[in-house]
Amino acid sequence: MENRDSALKNKSIHLMGIGGAGMSGLALLLHGIGASVSGCDAVETSYMKRLRECGIAMRIGHEAKHIDEFTPDILVYSSALPNDHPEILKAWQQGIEVSRRAEILSRIFNVRRGVGIAGTHGKTTTSSMASLICENAGLDPTIAVGGDLPQIGTNAKLGAGDCMVAELDESDRSFVYFHPEIAVITNIDWDHRDHYMTFKAVTDAFSEFLSHVKENGKIILCMEDNGVRRLCEEYSVSRPIVKYGWGRGWDWGAAEVEHHEGGGVSYTLFHEGKELGRVGLTVSGEHNVLNSLAACAACSEIGVPLENMIDSLKFFSGAKRRLQKTGKVGDILIYDDYGHHPNEILATLSTVRRIYPGRRLVAVFQPHRFSRTAALYREFADALSLADRAFILPIYGSDEKPIDGVSSKLIFDAASDDMRSHYELSGNFDDLLTSVCQAARSGDIVLTLGAGSVGTLGKKIAEKLEELQA
């Protein structure tokens, strides 16, 4: 294994955006390989504590002087940063190798038996499930996922085994750097419209990704997804395809699905038409049934026995910020979810409806990116109609600049007349805390949604409710 990573071992590597989920995971892998790792980010994040415990030097802020301070052999930058940033320009001027995160991660991935999990939605959960299965099966995999996996205690680890499970990001087309042995596509949606001008551009990118599957590799596809079916119609795929979906007609299928009140779902698992038994999941929702089928299909291809897969799935408690319970005040339950696309929100709200039938659902949504809001504000309004009350925060722009005329009010105005009274615009976190806590009733489910800073709100809502009930 040491020889596989010799090109990166003993290198000095500086990571811009080191506090993010993906970049912090790469930092852990590089540190484990034996590289000298440093990094910087605009703000302090929760991931940085773990990196400091490893002795990784970090600075707050992105500045050109870091190049002289750390004298890196390689500068790695997050896609959230412009490639004309002064720190990047200085590295280029000094002849230092400048790479995107995916380029460096792919160097680790491509020399292993790579299980690459792609798709617009469900990547983190599916890759987390597959990682846990491989870990519990004793394969000691290398892992790189987009959120913390509680059972392993990290979002990335360097294993001694020959396989690697990685979540691969299509948002900036960087997944085309990877050459998996097993490629999974959970679904294909037209998201990231700042990068993809048409849906055809999205399917083109996924087609290119599949063209890099290793010669002896397999492709695993969800045939319940319209985008995946369209990909199959438009492109010729030269590698063997394993298909999964509902019923017993696919290579891997689920039937007799039972949703459990209070959380969890179970189903009968089929492989090539043969019934294999019942699978019980602690996580909820039909989307997670499909995610678990993808994980089973992938892990089976690399030799994990069926019993290990079913046992591991039984104890999979979910990835961080994927319908994660964050608080309980009296009989008011507070959950948080990363969902930031209308289809993700629909899936999450539908799941909550199933596991808590009869309870009132209060959603707190923070739109992520101006471009996504401009393209999908009507769909966001429709998705939020599944909640009894919907509080909408200002847009979290991430690395985007504001777009004239684009604000959260677009979503509010797109709500149907009969639902408008259920929506409320919130100017900031303080206003929202007051409004949500005043609106909350006994037995409510309060759900925070979004890819931005909204994930910190659940704890504050719980504290405010406790004050009011004291």
Side-chain angles (χ1 to χ4, degrees), residues 1-11 13 21-22 24-35 37 50 54 101-102 104-118 123-168 175 177-184 212-220 239 242 252 291-292 294-317 319:
M1 188 64 66
E2 181 176 316
N3 291 336
R4 290 181 176 183
D5 299 313
S6 59
L8 294 172
K9 186 178 180 180
N10 298 323
K11 293 283 189 181
I13 305 177
S24 64
L26 177 60
L28 290 172
L29 296 180
L30 292 170
H31 176 75
I33 285 169
V37 182
R50 186 180 304 141
C54 294
R101 170 186 173 270
I104 301 301
L105 184 63
S106 68
R107 296 187 198 179
I108 303 170
F109 181 90
N110 291 342
V111 295
R112 291 168 167 79
R113 298 188 65 196
V115 179
I117 297 174
K123 295 186 295 292
T124 300
T125 296
T126 304
S127 55
S128 296
M129 287 177 170
S131 296
L132 183 63
I133 290 170
C134 291
E135 183 79 2
N136 289 351
L139 299 184
D140 195 10
T142 295
I143 295 167
V145 298
D148 278 349
L149 181 53
Q151 290 93 335
I152 296 177
T154 183
N155 59 332
K157 85 170 190 76
L158 188 73
D162 65 352
C163 73
M164 178 172 180
V165 179
E167 173 183 346
L168 306 185
F175 63 163
Y177 292 115
F178 295 83
H179 301 273
E181 180 175 323
I182 310 296
V184 178
H212 296 306
V213 173
K214 291 177 180 175
E215 188 174 348
N216 62 340
K218 292 276 184 75
I219 293 168
I220 298 171
R239 302 290 180 263
V242 176
W252 291 86
N291 290 339
S292 69
C296 286
C299 292
S300 176
E301 292 296 334
I302 57 174
V304 178
L306 173 68
E307 310 81 61
N308 292 88
M309 295 191 289
I310 293 178
D311 286 345
S312 293
L313 288 172
K314 187 189 308 178
F315 295 105
F316 177 74
S317 60

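The shown structure was predicted, so the numbers you read here are calculated from the model rather than taken from an experiment. Numbering starts at 1 and runs along the sequence shown.
- Distance check, rounded to the nearest 0.5 Å: CG of Leu26 to NE2 of His31 gives 13.0 Å.
- The backbone N or O of Phe178 lies less than 3.5 Å from no partner atom in the side chain of Asn110, so there is not a single donor-acceptor pair.
- Separating the CG atom in Leu313 from the CE atom in Met129 is a distance of 6.0 Å, to the nearest 0.5 Å.
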message = Go through it in stages, so that I can follow the logic: the residues are Lys11 and Asp5, the test is salt bridge (Lys or Arg N to Asp or Glu O under 4.0 Å), and I'd like the CA-CA distance, side-chain angles, deciding distance and then a yes or no.
response = CA-CA 11 Å; Lys11 293 283 189 181; Asp5 299 313; over 6 Å; no
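- Within the 3.5 Å criterion, the main-chain N or O of Thr124 finds a donor-acceptor partner in the side chain of Ser127.
- Looking at Tyr177 and Leu105, their side chains never come closer than 4.5 Å, going by heavy atoms from C-beta outward.
- Residues Arg239 and Asn216 have side chains that never bring a donor and an acceptor to within less than 3.5 angstrom of each other.
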Enumerate, atom names and distances included, each donor-acceptor pair closer than 3.5 Å involving a side-chain atom of residues 132-141, sequence neighbours excluded.
unit_1: Glu135; atom_1: OE1; unit_2: Lys157; atom_2: NZ; d: 3.4
unit_1: Asn136; atom_1: ND2; unit_2: Ser312; atom_2: OG; d: 3.1
unit_1: Asp140; atom_1: OD1; unit_2: Lys157; atom_2: NZ; d: 2.7
unit_1: Asp140; atom_1: OD2; unit_2: Ala160; atom_2: N; d: 3.0

task = Walk me through it: do Ile117 and Leu168 pass the test side chain to side chain contact (heavy atoms under 4.5 Å, CB included)?
result = CA-CA 6 Å; Ile117 297 174; Leu168 306 185; over 6 Å; no
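- In this structure, Asn308 CG and Cys296 SG are separated by 11.0 Å, a value rounded to the nearest 0.5 Å.
- In this structure, the separation between CD1 on Ile143 and CG on Leu28 is 11.5 Å, given to the nearest 0.5 Å.
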query = Where do Asn155 and Arg50 land on the side chain to side chain contact (heavy atoms under 4.5 Å, CB included) test, with the steps shown first?
reply = CA-CA 11 Å; Asn155 59 332; Arg50 186 180 304 141; 3.3 Å; yes
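- In this structure the side chain of Pro180 reaches within 4.5 angstrom of the side chain of Phe109, judged on heavy atoms.
- Expressed to the nearest 0.5 Å, how far CZ of Arg107 lies from CD1 of Ile33 amounts to 11.0 Å.
- The line from CD1 of Ile182 to CE of Met164 is 15.0 Å long, rounded to the nearest 0.5 Å.
- When all heavy atoms are compared, the tightest approach of Trp252 to Val242 is CD1-CG1, 3.7 Å.
- With respect to the salt-bridge test (charged N to carboxylate O, under 4.0 angstrom), the residues Arg113 and Glu181 qualify.
- Remark: the backbone N or O of Ala297 is not paired with any side-chain donor or acceptor of Ser300 at under 3.5 angstrom.
- Dense packing is recorded around NZ of Lys214, with more than 12 heavy atoms of other residues, nucleotides or ligands lying under 6.0 Å away.
- Ala295 approaches Ala130 most closely through the heavy-atom pair CB-N, 3.9 Å.
- The main-chain N or O of Val165 is never found under 3.5 Å from a side-chain atom of Ser131 such that the two would form a donor-acceptor pair.
- Contact annotation: the side chain of Leu30 approaches that of Ile108 to within less than 4.5 Å [non-hydrogen atoms, C-beta and beyond].
- Residues satisfying the ring-ring contact (aromatic ring centres under 6.0 Å, His included) test with His179, not counting sequence neighbours, are His212.
- Every residue meeting the ring-ring contact (aromatic ring centres under 6.0 Å, His included) condition with Phe175, not counting sequence neighbours, appears here in chain and number order: Phe206, Phe209.
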